[in-house]
Asks: 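Can you read through this structure? Questions will come right after.
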There are 2 protein chains.
Amino acid sequence: MLSEIITIGDELLIGQVIDTNSAFIAKQLNKIGISVYQITSVQDDKAHILQALQDAESRVDVIILTGGLGPTKDDITKKTIAEYFNDTLVRDDSVLENIESIWKKYARQTLLQVNKDQALVPSKSKVLMNTLGTAPGMWMEKGEKTFISLPGVPFEMKALITNAVIPELKEKYKCPFILHKTLLVYGLGESTLAARIETWEDALPKHIKLAYLPSLGKMRLRISSKGFDKVKVETEVQQQIEQVLPLIKDEFFGYEDEDGNEEAVIGNRLTKIGKTLAIAESCTGGKLAELFTANAGASKYLKGGVVTYSTQSKIDVLSVEEDLIRAHSVVSAQVAEAMAVNVKALYKADFAVATTGNAGPSKGDSVAEVGTVFIAIANENGVFSYKFNFGNPRARVISKAVNKALELLQKEIFKN
Amino acid sequence: MLSEIITIGDELLIGQVIDTNSAFIAKQLNKIGISVYQITSVQDDKAHILQALQDAESRVDVIILTGGLGPTKDDITKKTIAEYFNDTLVRDDSVLENIESIWKKYARQTLLQVNKDQALVPSKSKVLMNTLGTAPGMWMEKGEKTFISLPGVPFEMKALITNAVIPELKEKYKCPFILHKTLLVYGLGESTLAARIETWEDALPKHIKLAYLPSLGKMRLRISSKGFDKVKVETEVQQQIEQVLPLIKDEFFGYEDEDGNEEAVIGNRLTKIGKTLAIAESCTGGKLAELFTANAGASKYLKGGVVTYSTQSKIDVLSVEEDLIRAHSVVSAQVAEAMAVNVKALYKADFAVATTGNAGPSKGDSVAEVGTVFIAIANENGVFSYKFNFGNPRARVISKAVNKALELLQKEIFKN
């Protein structure tokens with residue numbers, strides 16, 4: 001069972017907007033056993049959209065489109081789909097009702113004809129009601145093939161995929177079970193890891209796929225398989241994992257959760273053991289706190305954090321001693337550790353993590369080489385820290401510091 | 001002059017990784033007058049890559065590929081390209097030297113044959129040296145058409161695009177000048193804006209394109225044109241802007257900077273007027289601080305911030321009075337304003353912004369409806385705040401709160 005995703009919009013092709021929709025849709029399709037063969041981004045252009053539809057139809061069974069369903073003149077997806085299906089647009093009363101009710105609730109402006117026209121859908125389509133916005137989702141069939149058109153606004157698209165598209169696809173198609181297991185392997189480079197597991201990799205059955213996913217100081221190894229017998233697929237993958245683990249066990253840290261979300265793993269663990277966390281950030285600038293608070297339920301374990309970006313604020317807000325900074329410089333193990341200990345006390349937390357470093361491009365208030373970062377972890381037993389050099393450029397230094405802080409925190413918290 | 005981008009990797013098609021490379025490349029190509037016709041993501045599969053190359057070659061002049069250049073067995077791009085060009089792989093000594101020097105500097109592990117093999121390139125290709133990593137970029141030609149293969153690691157790809165690909169493309173092709181001007185229009189919905197400017201829009205010359213880009217409480221209107229006469233393109237677009245501005249002027253806020261980066265606009269302004277900023281975040285959880293610190297030079301104006309996520313931390317860290325919270329609830333104008341005033345004092349800053357709200361899904365320590373957010377701004381003259389309801393789900397509430405806080409801050413700072 002194969003699918004393709006077509007995302008429509010000039011903003012994608014001039015690089016003004018990153019296509020985050022495709023990854024979300026691809027993940028959801030994979031979960032129900034529908035593989036994605038190709039993702040294609042095309043312009044708001046009739047001929048181009050028609051060609052993309054035709055190409056995709058020749059290759060796969062399920063085609064999901066997003067974008068181009070707004071009320072303005074540059075939104076041409078709906079008319080183009082109607083043309084592709086030799087169909088006409090007709091008013092759908094339930095969609096019109098939905099538009100009017102959204103307008104009553106949120107809009108300060110008059111409901112215009114162009115807004116009402118969002119209730120026009122191809123006569124042969126089935127409407128997927130979009131309660132978060134005015135552009136309806138549409139489901140069309142052509143023989144065994146299914147075409148689904150969704151709004152490009154991520155929140156609206158996500159709700160429609162979760163609540164309508166996935167359940168209906170599961171009902172319509174008999175899908176195989178797809179399993180991905182992703183192993184976190186912290187300390188090994190890609191090629192060293194490959195050399196260690198080469199014999200095992202070469203002996204893998206052909207239907208089990210292996211991928212190496214290196215990412216800023218963290219290595220992931222993904223093992224994938226699929227089949228109609230769920231138990232068989234799971235057993236086979238598990239057997240392979242049991243064979244590979246002894247080869248990497250000193251560097252194997254655990255499995256990545258379904259959404260690749262390490263902070264959720266840490267948060268769930270803290271919640272389970274009834275402990276709390278505080279965060280002091282200099283070079284990571286709030287990114288660590290933001291990752292944790294992006295997850296619902298963060299208030300159960302996250303006391304809060306400080307972004308003490310300037311040297312003076314480390315003294316004023318975190319009570320780091322001026323003498324300590326003068327003696328060791330603001331980018332030092334001593335300052336990182338003082339930040340961790342003091343933020344832990346300030347927020348009355350059980351664990352604290354602190355970062356101080358020089359992300360570049362210039363050296364700031366420190367003599368430390370650009371790329372130097374100290375990360376400290378404090379807990380009830382004390383505090384420790386590590387020094388890293390993450391090179392450059394700035395954004396990579398920050399990302400690596402965030403990943404490394406999460407790794408150290410995870411290791412520490414899972415010790416308990 | 002048309003191009004296409006092909007991103008290669010199973011991780012894209014199972015939704016494990018979001019394709020951020022394409023938007024970056026598309027933006028850089030557009031800047032030098034090369035339009036992107038299509039973006040295609042394909043699997044690590046020889047037949048699929050060959051087909052994608054053939055399709056792209058039939059449509060456009062420049063084809064940029066990323067991904068699949070690593071040292072492991074799932075990386076097949078290089079071999080596939082050699083096959084496409086009827087070419088063989090040969091060792092490039094300068095690439096091997098680069099690999100050995102990177103290894104000496106960063107790697108703790110032995111240099112293996114698979115690493116050395118990264119120095120193999122198609123014999124007809126020109127190497128684009130990747131000093132940040134071991135996979136070289138490759139430039140190939142076939143008649144008038146250019147094929148460029150780059151590593152998928154974003155930092156390595158970005159450096160190669162900026163330092164090698166763009167300069168060489170500019171030299172090889174005579175490219176038209178492309179101009180995009182993006183107007184920020186805060187208060188109008190998409191359809192209301194369209195109705196206001198309809199007559200103007202209908203009268204636009206055919207080669208000037210207009211796009212509506214709504215995004216979580218902020219509306220952008222993009223006007224695009226291109227041509228070989230730079231002055232003429234600029235004059236024409238400017239004339240159109242002068243015609244449309246009177247129609248939207250009460251809601252027009254300014255132009256989006258090239259990278260769509262509002263926090264850089266705020267930061268540059270603060271630096272210019274010699275003022276500083278502090279941030280107190282509850283529901284936005286560090287996201288505001290993180291946006292500012294992602295830009296180099298943030299230390300010039302950003303004193304720092306606090307993420308007072310728990311109610312108790314607002315009392316302990318920000319000295320918000322317990323009675324005030326009890327009287328008005330933790331999600332209230334009074335608490336938002338106290339947070340802004342107190343964080344401004346704590347960090348000795350000139351401006352402060354504070355957020356407190358209920359992002360959901362559950363109600364937390366407040367009776368406020370899910371989606372309620374208060375945003376306060378403090379400056380030398382005092383403090384003010386606004387109440388918003390950003391609906392749901394959680395991630396949208398947080399994003400809207402961040403956008404709105406940036407908007408309010410920008411308006412306030414540009415008053416000075």
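Quick note on labels: first sequence line is chain A, next is B, and so on, each numbered from 1.
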Asks: Only pairs of heavy atoms separated by less than 4.5 Å count here; which of B:T7, B:T20, B:I18 has the most with chain A?
Replies: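 Option with the top pair count is B:I18.
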Asks: So, for B:A26 and A:L13, which heavy atoms are closest and what is the spacing to 0.1 Å?
Replies: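 Between these two residues, the closest heavy atoms are CB-O, 3.5 Å.
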Asks: Can you tell me which portion of A:L132 sits under 4.5 Å from chain B's heavy atoms? Options are side chain, backbone, both or neither.
Replies: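 For A:L132, backbone and side chain are both near chain B.
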Asks: What part of A:T182 gets closer than 4.5 Å to chain B, counting heavy atoms only: side chain, backbone, both or neither?
Replies: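 Contact with chain B is through the side chain of A:T182 alone.
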Asks: Keeping B:D19 on the side-chain end and A:D19 on the backbone end, is there a donor-acceptor pair under 3.5 Å?
Replies: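 Between the backbone of A:D19 and the side chain of B:D19 there is no qualifying donor-acceptor contact (under 3.5 Å).
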Asks: So, for A:F155 and B:P393, which heavy atoms are closest and what is the spacing to 0.1 Å?
Replies: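 In terms of heavy atoms, the two residues are closest at CD2-CG, 3.7 Å.
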Asks: Counting only heavy atoms closer than 4.5 Å, note whether B:K158 contacts chain A via side chain, backbone, both or neither.
Replies: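 When you check distances to chain A, no heavy atom of B:K158 falls under 4.5 Å.
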Asks: Non-hydrogen atoms of chain A under 4.5 Å away: do they reach the side chain of B:A52, the backbone, both or neither?
Replies: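 Interface part for B:A52: neither.
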Asks: Salt bridge between B:K73 and A:D202, side-chain N to carboxylate O under 4.0 Å?
Replies: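 Salt bridge present between B:K73 and A:D202.
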Asks: Go through the atoms of A:K314 and report whether side chain, backbone, both or neither lie under 4.5 Å from a heavy atom of chain B.
Replies: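 Answer is neither: A:K314 stays 4.5 Å or more from chain B.
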Asks: Working to the nearest 0.5 angstrom, can you tell me the gap between A:K287 NZ and B:K287 NZ?
Replies: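 Answer rounded to 0.5 Å: 5.0 Å.
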Asks: Is it true that B:Q113 and A:S191 share a donor-acceptor pair across their side chains at a distance under 3.5 Å?
Replies: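 No pair is found: no donor N or O on one side chain lies under 3.5 Å from an acceptor on the other.
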Asks: Using a 4.5 angstrom heavy-atom cutoff, name the option from B:L346, B:I398, B:V317 with the most pairs to chain A.
Replies: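 Highest number of pairs under 4.5 Å: B:V317.
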Asks: Quick one: what part of A:T40 sits under 4.5 Å from any heavy atom of chain B, side chain, backbone, both or neither?
Replies: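 Interface part for A:T40: both.
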Asks: Go through the side-chain N and O atoms of B:H180 and A:Q16 and say whether any donor and acceptor fall under 3.5 Å apart.
Replies: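 No - no donor-acceptor pair under 3.5 Å links their side chains.
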Asks: Most heavy-atom pairs under 4.5 angstrom with chain A, which of B:G285, B:G304, B:G297, B:A289?
Replies: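 Top option by heavy-atom pairs under 4.5 Å: B:G285.
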Asks: When heavy-atom pairs shorter than 4.5 Å are enumerated against chain A, which of B:N389, B:N115, B:T134 gives the highest number?
Replies: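 Highest number of pairs under 4.5 Å: B:N115.
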Asks: Just by modelled atom types, is the A:Y37 backbone N or O under 3.5 Å from a matching donor or acceptor in the B:Q43 side chain?
Replies: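 Confirmed, B:Q43 side chain pairs with A:Y37 backbone.
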Asks: Which one, A:L112, A:T311, A:V114, leads in non-hydrogen pairs under 4.5 Å with chain B?
Replies: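 When all of A:L112, A:T311, A:V114 are compared, A:L112 has the most.
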Asks: Heavy-atom cut-off 4.5 Å, strictly under: side chain, backbone, both or neither for A:Q118 against chain B?
Replies: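 A:Q118 has no heavy atom closer than 4.5 Å to chain B.
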Asks: Chain B: which of A:V42, A:V17, A:N295 shares the most heavy-atom pairs with it under 4.5 Å?
Replies: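 Heavy-atom pair counts peak at A:N295.
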Asks: With a 4.5 angstrom heavy-atom cut-off, could you sort out which part of A:D75 is near chain B: side chain, backbone, both or neither?
Replies: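 Interface part for A:D75: side chain.
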Asks: Taking B:I39, B:T284, B:I178 one by one, which has the highest count of heavy-atom pairs under 4.5 Å against chain A?
Replies: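 So the answer, after comparing B:I39, B:T284, B:I178, is B:I39.
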Asks: Pick whichever of A:S310, A:G305, A:A23, A:G286 has the most heavy-atom pairs under 4.5 Å with chain B.
Replies: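 When all of A:S310, A:G305, A:A23, A:G286 are compared, A:G305 has the most.
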Asks: Please look at B:A296 and chain A and tell me whether the side chain, the backbone, both or neither of the residue comes under 4.5 angstrom of a heavy atom of that chain.
Replies: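 Both backbone and side chain.
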Asks: For B:S299, is it the side chain, the backbone, both, or neither that has a heavy atom closer than 4.5 Å to a heavy atom of chain A?
Replies: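 For B:S299, heavy atoms of backbone and side chain both lie under 4.5 Å from chain A.
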Asks: Passes side-chain contact (heavy atoms from CB on, under 4.5 Å), B:Y347 versus A:D316? Steps please.
Replies: CA-CA 7 Å; B:Y347 279 97; A:D316 294 344; over 6 Å; no
Asks: Flag the one option from B:P361, B:A298, B:S362 with the top tally of heavy-atom pairs under 4.5 Å to chain A.
Replies: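 Most pairs with chain A among the choices: B:A298.
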Asks: For B:E281, which atoms come within 4.5 Å of any heavy atom of chain A: side chain, backbone, both, or neither?
Replies: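 Neither; nothing under 4.5 Å.
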Asks: Rounded at 0.5 Å granularity, tell me how far CD in B:Q38 sits from CD1 in A:I6.
Replies: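 So the CD of B:Q38 and the CD1 of A:I6 are separated by 9.0 Å.
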Asks: Are any of the side-chain nitrogens in B:E11 or A:R222 under 4.0 Å away from the carboxylate oxygens of its partner?
Replies: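 Looking at A:R222 together with B:E11, the answer is no, because their closest N to O distance does not fall below 4.0 Å.
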Asks: Heavy-atom cut-off 4.5 Å, strictly under: side chain, backbone, both or neither for B:K300 against chain A?
Replies: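 No part of it gets close to chain A.
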Asks: Can you say whether A:A278 sits under 4.5 Å from chain B via the side chain, the backbone, both, or neither, judging by heavy atoms?
Replies: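 Contact with chain B is absent: no heavy atom of A:A278 under 4.5 Å.
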Asks: Checking heavy atoms, do the side chain of A:Y212, its backbone, both or neither come under 4.5 Å from chain B?
Replies: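 For A:Y212, backbone and side chain are both near chain B.
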Asks: Rounded to the nearest 0.5 Å, how far apart are CD of B:E201 and OG1 of A:T72?
Replies: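 So the gap between those two atoms works out to 7.0 Å.
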Asks: Please find the pair of heavy atoms, one from A:R394 and one from B:A294, that lie closest to each other, and give the distance.
Replies: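 Residues A:R394 and B:A294, closest heavy atoms: NE-O, 3.4 Å.
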